[in-house]
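Per chain, numbering begins at 1; letters A, B, ... match sequence-line order.
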Amino acid sequence: MAKIQPPQPVRGTQSMLGEEADRFHAVVAAFDRVRRLFGFKRVEVPVLEQTAVFARSLGETTDVVSKEMYSFKDRSGDSVTMRPEFTAGIARAYLSEGWQQFAPLKVATHGPAFRYERPQKGRFRQFHQLDAEILGAAEPQADVEVLLFADQLLKELGLGETAVLKLNTLGDPETRRAWRDALHEHFQGHRDALSEESRERLERNPVRILDSKVHGDWPVIDSAPVIDDFLTSEAGEFFGAVTAGLDSAAVRWERAPRLVRGLDYYRHTAFEFMTDTLGAQGTVLAGGRYDGLVEALGGPHTPAIGWAAGIERLSMMIAAPEPERPEAVLVPLGERAQAAAVRLLADLRLRGIAIDMAYRGNMKKRMQRAAATGAGFALIIGEDELEAEAAQVKDLKTGEQRAVAFALLEASIRA
RNA sequence: GCGAUCGUAGCUCAGCUGGUUAGAGCAUCGGUUUGUGGUACCGAGGGUCGCGGGUUCAAGUCCCGUCGGUCGCCCCA
């Protein structure tokens with residue numbers, strides 16, 4: 001009979017156990033803690049959306065939409081997509097779920113997202129993001145709020161030094177248009193010096209040339225016009241208010257004049273927290289103001305700002321968290337003790353004690369297992385202990401052991 | 001989508017220029033100690049050498065393909 005092959009995981013997906021899972025959870029727990037401090041409401045949005053939600057909001061020509069989405073027709077023939085990011089789905093919910101009445105609305109969520117990419121360090125096909133958004137707020141205070149949230153989160157994760165905030169402004173539409181035209185003119189003039197990719201970007205989106213990683217492009221990029229010369233007074237004031245907010249909250253930041261966003265609906269503030277510890281994946285948290293997105297989905301003009309962070313990337317950067325361990329492990333010996341142990345376990349767990357049971361092997365094995373969990377105490381119960389209604393409680397660190405009446409176990413573990 | 005590199009037990013790896021029954025450590029299970037762990041010793045189980053083809057008297061070892069991991073390009077979280 002042919003033995004069947006055990007299935008392989010889908011490429012770019014992960015299963016986590018032990019330290020990896022602990023790290024992941026530590027990031028999510030910190031996020032949820034800080035989220036509450038900042039008053040961002042917990043929301044849940046679907047993994048599946050109509051394909052149009054992402055196609056319209058991200059732009060049909062972006063890499064994400066044109067070649068990285070997990071899209072398929074469901075059984076009724078509708079084209080649906082597994083979210084490649086959170087913002088579009090939240091914007092959709094803002095429109096379709098009546099969330100507009102709560103504007104300005106501060107929301108946060110986390111979960112899996114999907115992109116069909118070549119996996120590598122810090123890059124997966126199913127990856128997980130933290131996400132924070134403020135919808136319906138045009139004020140620079142919202143930008144500051146969202147940035148302070150990100151900054152405090154990273155500090156609580158112990159990444160205050162390793163992740164650096166790079167900040168830029170893309171100005172308002174008027175600014176952007178003028179700057180874009182100037183860039184086009186500049187790059188057109190140096191066309192021959194540009195790489196092939198950059199020449200392709202020239203007509204479609206000259207702003208993106210600033211992103212180029214081709215070293216040969218850099219001299220031309222360095223001499224390109226800077227946005228500051230094109231900022232309208234409103235846009236300049238807006239950016240000034242954001243940086244002033246950051247400064248008064250003592251958040252360290254660096255101006256990154258070449259930091260841009262490809263999509264047209266981005267306005268004003270754009271930022272990334274960067275690191276050099278993750279190889280090619282330097283961005284650990286990124287976001288910006290997307291005042292044009294809700295309109296692109298057919299809604300009313302709605303200023304908004306938000307960010308997303310990669311949970312896996314943060315997990316890889318933080319110090320290893322303390323592993324979870326039970327407070328005690330029950331070691332029953334013999335059938336009668338086994339039966340009594342189940343009752344004791346249930347009782348202690350109801351009282352909030354984290355306790356496990358070692359039920360396999362001889363006593364030596366059971367003690368080994370108890371010690372291996374990292375528990376503080378082993379509670380030994382055999383025939384003698386049943387008679388006396390008192391367990392032998394062994395402190396696994398000091399090796400000291402004494403009899404403790406069943407009724408007093410909780411107190412002795414807590415002590 | 002492109003490039004590089006790797007793929008031997010559950011895990012980490014060793015197997016020299018192709019040559020008899022493929023090894024180690026850790027882990028697992030059992031024992032020395034049938035009621036006491038974190039040490040030591042003894043023993044056991046566990047491998048289609050990723051998969052498929054080819055070269056050869058002979059392939060884990062060479063060649064081709066394929067799948068997967070890793071790293072980079074691209075893109076991004």
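- Here the nucleotide nearest the side chain of A/Lys394, chosen from B/G38, B/G1, B/U36, is B/U36.
- With rounding to whole Å, A/Arg11 atom CZ is found 13 Å from B/U66 atom P.
- A heavy-atom distance below 4.5 Å is not found between the side chains of A/Arg35 and A/Lys41.
- Distance A/Glu272 CD to B/C76 P: 9 Å, rounded to the nearest Å.
- Separating the NZ atom of A/Lys166 from the C1' atom of B/A77 is a distance of 17 Å, rounded to the nearest angstrom.
- Here the nucleotide nearest the side chain of A/Arg118, chosen from B/A77, B/C75, B/C2, is B/C2.
- The distance between atom CE of A/Met316 and atom P of B/C76, rounded to the nearest whole Å, is 18 Å.
- The closest side-chain donor-acceptor pair between A/His110 and A/Arg42 falls under 3.5 angstrom.
- Residue contacts for A/Gln401: at a heavy-atom cut-off of 4.0 Å it reaches a base atom on one of the strands shown.
- Within 4.0 Å (heavy atoms only), A/Gly287 reaches no atom of the nucleic acid at all.
- Here the P atom of nucleotide B/U34 and the NZ atom of A/Lys365 are 14 Å apart, to the nearest Å.
- Map A/Gly361 and A/Gln392 each onto its nearest nucleotide of RNA chain B; the residue landing nearer the 5' end is A/Gly361.
- Among the nucleotides B/C75, B/A4, B/G37, the one closest to any side-chain atom of A/Ala371 is B/G37.
- In this structure, the side chains of A/Trp307 and A/Leu130 come closer than 4.5 Å at one or more pairs of heavy atoms.
- The phosphate of B/A77 has neither OP1 nor OP2 within less than 4.0 Å of any side-chain N or O from A/Arg125.
- Relative to the side chain of A/Glu117, the nucleotides B/C75, B/C2, B/G35 differ in distance, and B/C75 lies closest.
- Pairing for B/U28 goes to B/A44, judged as Watson-Crick or G-U wobble with the two contacts each under 3.5 Å.
- Here, B/C75 and B/U12 have their P atoms 33 Å apart, quoted to the whole Å.
- Among the heavy atoms of the strands lying under 4.0 Å from A/Asp384 is at least one base atom, whether or not backbone atoms are also near.
- Atom CD of A/Gln368 is separated from atom C1' of B/U28 by 12 Å (rounded to the nearest Å).
- A salt bridge between A/Lys397 and A/Asp395 is absent, with no side-chain N of the basic residue lying under 4.0 Å from a carboxylate O of the acidic one.
- Separating the P atom of B/C13 from that of B/U70 is a span of 14 Å, rounded to the nearest Å.
- Contact between the side-chain N/O atoms of A/Arg123 and the OP1/OP2 oxygens of B/C75 is not found at any separation under 4.0 Å.
- Pair assignment for B/C16 gives none, since no Watson-Crick or G-U wobble pairing has each distance under 3.5 Å.
- One atom, CD1 of A/Ile380, and another, C1' of B/G37, lie 9 Å apart when rounded to the nearest Å.
- Going from the P atom of B/A24 to that of B/A44 covers 11 Å, rounded to whole Å.
- Within 4.0 Å (heavy atoms only), A/Arg369 reaches sugar-phosphate atoms of the nucleic acid but no base atom.
- When the P atom is compared between B/G45 and B/A22, the two are found 14 Å apart, to the nearest whole Å.
- For the residue pair A/Glu295 and A/Thr302, no side-chain donor N or O sits within less than 3.5 Å of a side-chain acceptor on the partner.
- Heavy-atom nearest nucleotides on RNA chain B were determined for A/Gln129 and for A/Met367, and the one closer to the 5' end corresponds to A/Met367.
- Side-chain contact of A/Gln152 with A/Glu156: a donor-acceptor pair under 3.5 Å is present, judged by distance alone.
- Comparing B/U8 with B/A4, their C1' atoms are spaced 22 Å from each other, to the whole Å.
- Note that A/Arg125 lies in the cation-pi zone of A/Tyr116, set by a 6.0 Å cut-off to the ring centre and a 45° limit from the axis.
- Taking atom CE of residue A/Met82 and atom P of nucleotide B/A77, one finds them 18 Å apart after rounding to whole Å.
- Between A/Gln120 and B/G72 there is a side-chain polar atom (N or O) within less than 4.0 angstrom of OP1 or OP2.
- For B/G31, one of the phosphate oxygens OP1 or OP2 lies less than 4.0 angstrom from a side-chain nitrogen or oxygen of A/Asn362.
- Set against B/G35, B/U70, B/A40, the side chain of A/Lys364 has B/A40 as its closest nucleotide.
- Separation of the C1' atoms belonging to B/G60 and B/U20 is 15 Å when rounded to the nearest angstrom.
- With contacts defined as side-chain heavy-atom distances shorter than 4.5 Å, the pair A/Arg366/A/Arg360 does not qualify.
- Nucleotides B/G3 and B/U48 place their C1' atoms 32 Å apart, quoted to the nearest Å.
- Among the nucleotides B/C76, B/G37, B/G35, the one closest to any side-chain atom of A/Arg313 is B/C76.
- On the P atoms, B/G37 is 48 Å away from B/G72, given to the nearest whole Å.
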